[in-house]
Amino acid sequence: MKQLDMGWYEKANCKGMDTKIFFPDIPVGCNHKNVFDEALKVCGLCPVRKPCLALAMEAETNDIRRYGVFGGKTPRQRDVIGGKKK
């Protein structure tokens with residue numbers, strides 16, 4: 001398996017924050033509206049959004065359910081970027 005470069009994480013706005021903001025425990029089928037708002041605010045001005053998103057897109061495949069916020073993108077937004085059908 002390829003070793004992922006995580007050096008960029010040292011500059012991430014989310015470093016040291018509670019991960020529940022980015023990975024909330026939401027039952028499947030529940031309304032997700034506004035659930036990622038706080039995470040998206042943290043990501044909004046983060047200097048390492050691009051490598052963060054690249055990490056998620058490399059690690060996630062169409063065989064798994066996308067989860068959490070990476071690089072300022074929600075799971076649904078990453079589905080679109082990755083070409084996964086909704």
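From a predicted model like this one, the values you see are computed outputs, not experimental measurements.
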- Task: Kindly write out the residues that satisfy ring-ring contact (aromatic ring centres under 6.0 Å, His included) with Tyr67, not counting sequence neighbours, or none if the list is empty.
- Result: Phe23

- Message: Please give me the minimum heavy-atom distance between Val42 and Asn13, naming the atom from each residue.
- Response: O-ND2, 3.1 Å

- Item | Interatomic distance, Cys52 atom SG to Lys73 atom NZ [nearest 0.5 angstrom] | 11.5 Å

- Of all residues at least two apart in sequence or in a different chain, which pass the ring-ring contact (aromatic ring centres under 6.0 Å, His included) check with Phe36? none

- Note on the structure: Output for pair (Cys46 SG, Leu53 CG), nearest 0.5 Å, gives 11.5 Å

- When every non-hydrogen atom of Phe70 is compared with those of Arg78, the smallest separation belongs to N-NH1, 3.6 Å

- Task: Indicate the atoms forming the closest heavy-atom contact of Gly72 with Leu40, along with that distance.
- Result: O-CD2, 3.4 Å

- Note on the structure: Here the gap from Met57 atom CE to Arg66 atom CZ, rounded to the nearest 0.5 Å, amounts to 4.5 Å

- Pairs touching residues 35-55 that satisfy salt bridge (Lys or Arg N to Asp or Glu O under 4.0 Å), sequence neighbours left out: none

- Taking side-chain contact (heavy atoms from CB on, under 4.5 Å) as the test, write out the residues that go with Val35, two or more places apart. Pro24, Ile26, His32

- Interatomic spacing from SG in Cys14 to OH in Tyr9 - rounded to 0.5 Å: 4.5 Å

- Item | All pairs passing salt bridge (Lys or Arg N to Asp or Glu O under 4.0 Å) where residues 6-21 contributes a residue, at least two apart | Glu10-Lys15

- Query: Got a second to check how far Leu55's CG is from Glu60's CD, nearest 0.5 Å?
  - Reply: 8.5 Å

